[in-house]
Amino acid sequence: METVRTTDTFDQAVEALIFASDVPLRPEDVARAYGEVTGTEHGAAEVEEAVGRLNAAYRTGGRAFRIQRWAGGLRMATVEEVHPFVSALFEDDAAKRLSRSLLETLAVIAYKQPVTRPEVDHVRGVNSDYALRQLLERDFVTIAGRGEGIGRPLLYATTDRFLEQFGLDALDALPTPREIEDLLADPAFNRERAKLLAEMTAPSPIQPAPDSDDAEPDQS
Amino acid sequence: METVRTTDTFDQAVEALIFASDVPLRPEDVARAYGEVTGTEHGAAEVEEAVGRLNAAYRTGGRAFRIQRWAGGLRMATVEEVHPFVSALFEDDAAKRLSRSLLETLAVIAYKQPVTRPEVDHVRGVNSDYALRQLLERDFVTIAGRGEGIGRPLLYATTDRFLEQFGLDALDALPTPREIEDLLADPAFNRERAKLLAEMTAPSPIQPAPDSDDAEPDQS
Amino acid sequence: MHRVQLDQFEGPLDLLLFFIRRDEIDVHDIPIARIADEYLEAVRVLEHVDLDAAADFIYTAALLIQIKARMLMPRPELDDEGEPIDPRQELVERLIEYVRYKEAAGNLEGRFEARHRLRTRGQAADQRDELAPPVEVTYRATIFDLVAALGAAVERAAQQSETVRHEVARESFAIDVQRAWVLSRVQGGGASFGALVARRSKPFVIVTFLAVLDLAQRQAVRIVFGLDPEDFAVEPVAGVTSVDDAADEPSFSAAA
C-alpha cells in the first residue's frame, strides 16, 4: 500500500505542476521541485513515466485534456475533439492566423538560424523588416548575438515560444524539406494559385515574344 | 448507450471550457457555448450537474485539481494538498523572470554604464532604488567605482553574468541606438524619442574616478 | 483590380514561381525570354499602382532582362574550368531555395493551426492568484525585451518632456443629472458601463459611476457582471424611467 500511496503523491504533484504552469515545464524542473519539498532525489525519467500514467488515466477517464510535449517541456492542453466548443466560446482563432509573409520569414529563420536580416531578405526577395518586427514582438524570434560580417549585423533565431506555439518539441522536429522536383510536381502546393491563373492569364495584352535565338523546349 | 454518450460529450465540453477559460465562467455561458455548437438547448443547472460529476471523477481518480466556484463563476484550481509543490516551483520560477521595471533599469544601466543612480532615476522618471537592489542581488549589476560629482555617487555597471544570461558575447553585441530604432520602428516612434534614445544610450558624462590607490590596468 | 492579384504574391520570386508552375516549366531550363516578357508585363501593371511595393519586383525584372541579354550572346561565358556558364544558374538556385522555404512556411502554418485547435489552461485558473495577487507582470527576458523596455522608458521620458500643462476647463456633474442621463441611455435594453463612459473625462466617469450605484440601490437599474472582469452591464428595470428625488439628500457633485 505504501508504494502505491507514494506513486499517487508523485503523480499528483507532477500533474499539479504541469497544470499550474503557464509555459512548458521541463521534466527536470518538475523532479527538482518535488525533491525540494519531500527531500528526496528524483529524475526526469520518473516524471516522464508519471506523465505516461497520467495521460493513460485521462484517456480512460474521458478527460478533455492531455499532457503534451512542446519546446522540450510538458504542457497540458485540451484534446482536438473539443475544439468546436472551445472555439465557440473563445472566438480568437481568426485573430491568431499568421500572414504568409510572417510565415515565410519565420520559416527562413527557423531553418537557417542564426541568420541576419539581409540573408532573410535575400532568400525571400523582399524586405522582411516589418515581418521580422512582428515576429520579435510575438516572441517567436529573438536576437541571438551578432554576425561576423561588415557592421557585425544582428543575428536572429527562433525562441522556445515558437516551438511551443507550433507544437514542436525541438528544432529537429521540423520536417526536412522535400526534393524540389516533388515540390513543383505537387498539385497541392499552391492550390490557391489555380484560381488566380485564369484571371491573370486571360487579359494579358502582350503575347510572349518567341525569340528565335532562345532554345525553347516545347511551346513556341 | 446513447444517453451515456451524450452525457460524456457534454461533460467533456464543460470540462474543456472551464479548463481553457481565462476568467471564471458563468454556467449560463458554458451552456450557451455548448448549445451553439450542437444546436440544442441547455441550462445552467445541467452545467452544475456536470461539474458535480466531474469533481466526483477527479476525487476518485486522484486528480490534483477541482472545479471551484469563485466570483460567481467556475474555474479549475489545484487542490490544497499539492500547494507545497506548486509554490516550490513557482517561487523558484519567479527568480528566473524579470519584471518590466527591472528590465528597464537594466537596459538603462547596460547602455549608459558606468552610471549613477540619480542618472538612472532621471532617465526612467521614477525611483529605481528597489529595481537596482534586485539587480545587484541577482548579480546582473555591480558597483563599478565612484563618480566625480557631489558626494561622489556610486557608479553601476553590468556584470558578466548579465551578458551570459542574455546570451551576449560582449557589451558591443547589444543593439545600437540605430538598430533599436529599427527594431522598435513604428510610426509613433517620433523624432523626440529618437533624440532621447541617442542621449540615453550615449556614454555617461561621468567617468569613473581613477582612484590613485586603485591599480587600474589600461585606461586612466 | 490587378493590384489585388499581385498582392497575392509574397514577392518577385513568388511571382516568378507562379509563371513557372502555371506553364509547367522545368525549373532547370527556364525559357527566360518568354518569362522575362510576361514578368515585365505583370510588373508594369504593378508600377501603375504602387511604386513602393514595385521596387523589389522591378529589381527582379531587371535581373531577368540581364539574363535574357546574356543568353543572346553569341559565345557563352566560361567558368574557371572552361565550362560554359548558364546565365540562369544563380536565379534557378535562388528560386529553388525559395520554393523550399515556401513549402516550409506552408508546413509551419499547418502546424500552427493544428496546435491552436488545442487550448492550454486559461491564465486565471490558478490557485496562486488566490494566495498572492500578482504584484507585477513578469517576463522571461530576452535582448528584445531589454530593447522594448528601453523603448518604453524613452517613450515615458518623451511624454514627460513634452507635457504642456493644459488648463482643462473645470467640469462638474451632478449626480441627479447623471442618474437621469443613465436611465435614458439604458432604456433600450441596457449598456455596458464601459460604453456609457467611453472617452469621457474622469469626473464624468466618477459621477456616472456613483449615479449607477445609486440607481441600482433604488432598484431602478440592475448591474450584471459578465465575462469581462473590468466591465459590467447596466440593465433597465421594466417600468422605471425616472427616479423620484423629492426626498432628502443634497445634490452630490464632483469636479476636476
Side-chain angles (χ1 to χ4, degrees), chain A residues 4 7-23 25 29-30 32-38 54 57-58 60-65 76-79 81-91 117 129-130 132-133 136-137 142-146 151-155 157, chain B residues 7-22 25 29-30 32-38 54 57-58 60-65 76-79 81-93 96-97 166-170 172-176 179 182-186:
Chain A
V4 177
T7 305
D8 280 2
T9 314
F10 186 72
D11 288 8
Q12 248 200 355
V14 170
E15 181 176 49
L17 291 172
I18 296 168
F19 171 85
S21 177
D22 295 340
V23 291
L25 265 187
D29 292 336
V30 176
R32 195 183 29 69
Y34 184 84
E36 263 172 36
V37 175
T38 58
L54 288 166
Y58 297 164
T60 56
R63 295 280 69 79
F65 40 75
M76 226 180 250
T78 54
V79 293
E81 297 92 285
V82 295
H83 175 242
F85 303 107
V86 173
S87 65
L89 191 65
F90 312 105
E91 297 150 345
R117 212 193 66 201
D129 212 17
Y130 179 74
L132 192 55
R133 231 165 22 229
L136 282 163
E137 236 154 66
T142 188
I143 300 163
R146 279 185 190 280
R152 307 205 56 220
L154 292 173
L155 290 169
Chain B
T7 304
D8 278 1
T9 314
F10 187 73
D11 288 7
Q12 250 202 353
V14 170
E15 183 176 49
L17 291 172
I18 297 169
F19 172 85
S21 175
D22 288 339
L25 268 187
D29 294 328
V30 177
R32 190 182 34 69
Y34 185 84
E36 263 172 36
V37 175
T38 57
L54 288 165
Y58 296 164
T60 55
R63 296 279 69 80
F65 39 76
M76 234 180 240
T78 49
V79 295
E81 296 92 285
V82 295
H83 175 243
F85 303 107
V86 176
S87 63
L89 184 74
F90 293 109
E91 267 157 35
D92 195 82
D93 202 44
K96 278 194 219 142
R97 297 170 180 213
F166 282 79
L168 296 160
D169 291 342
D172 65 11
L174 279 171
T176 63
E179 286 165 336
D182 282 351
L183 287 172
L184 298 173
D186 59 78

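What you see is a predicted model, and the numbers here were worked out from it, not measured in a lab.
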Worksheet item: Based on non-hydrogen pairs under 4.5 Å, which of A:M76, A:R152, A:E137, A:R63 is most in contact with chain B?
Response: A:R63
Item to complete: Name the region of A:L136, side chain, backbone, both or neither, that has any atom closer than 4.5 Å to a heavy atom of chain B.
Response: side chain
Discussion item. Does any part of the side chain of B:E15, heavy atoms only, come nearer than 4.5 Å to the side chain of A:T78, both counted from C-beta?
Written reply: no
Worksheet entry | Residue selection (most heavy-atom pairs with chain A, distance under 4.5 Å) from B:A170, B:P175, B:A57 | B:P175
Worksheet item: Which one, A:G61, A:G62, A:P153, leads in non-hydrogen pairs under 4.5 Å with chain B?
Response: A:G62
Practice prompt. Please answer whether the main-chain N or O of B:L174 pairs with a side-chain N or O of A:R146 as donor and acceptor at a distance below 3.5 Å.
Written response: yes
Practice prompt. Determine whether A:T38 and B:F85 make a side-chain contact, defined as any pair of heavy atoms from C-beta on separated by less than 4.5 Å.
Written response: yes
Worksheet item: If you round to the nearest 0.5 Å, how far is CZ of B:R32 from CG of A:L89?
Response: 6.5 Å
Item to complete: Under 4.5 Å heavy-atom distance to chain B, tell me which part of A:Y58 shows up: side chain, backbone, both or neither.
Response: side chain
Practice prompt. Counting only heavy atoms closer than 4.5 Å, note whether A:A16 contacts chain B via side chain, backbone, both or neither.
Written response: both
Practice prompt. Might you point out which heavy atoms bring B:V37 and A:A88 nearest each other, and give the distance in Å?
Written response: CG2-CB, 3.6 Å
Discussion item. Students often mix this up, so state it plainly: with edges at 30° and 60°, are the rings of A:F65 and B:F65 parallel, tilted or perpendicular?
Written reply: perpendicular
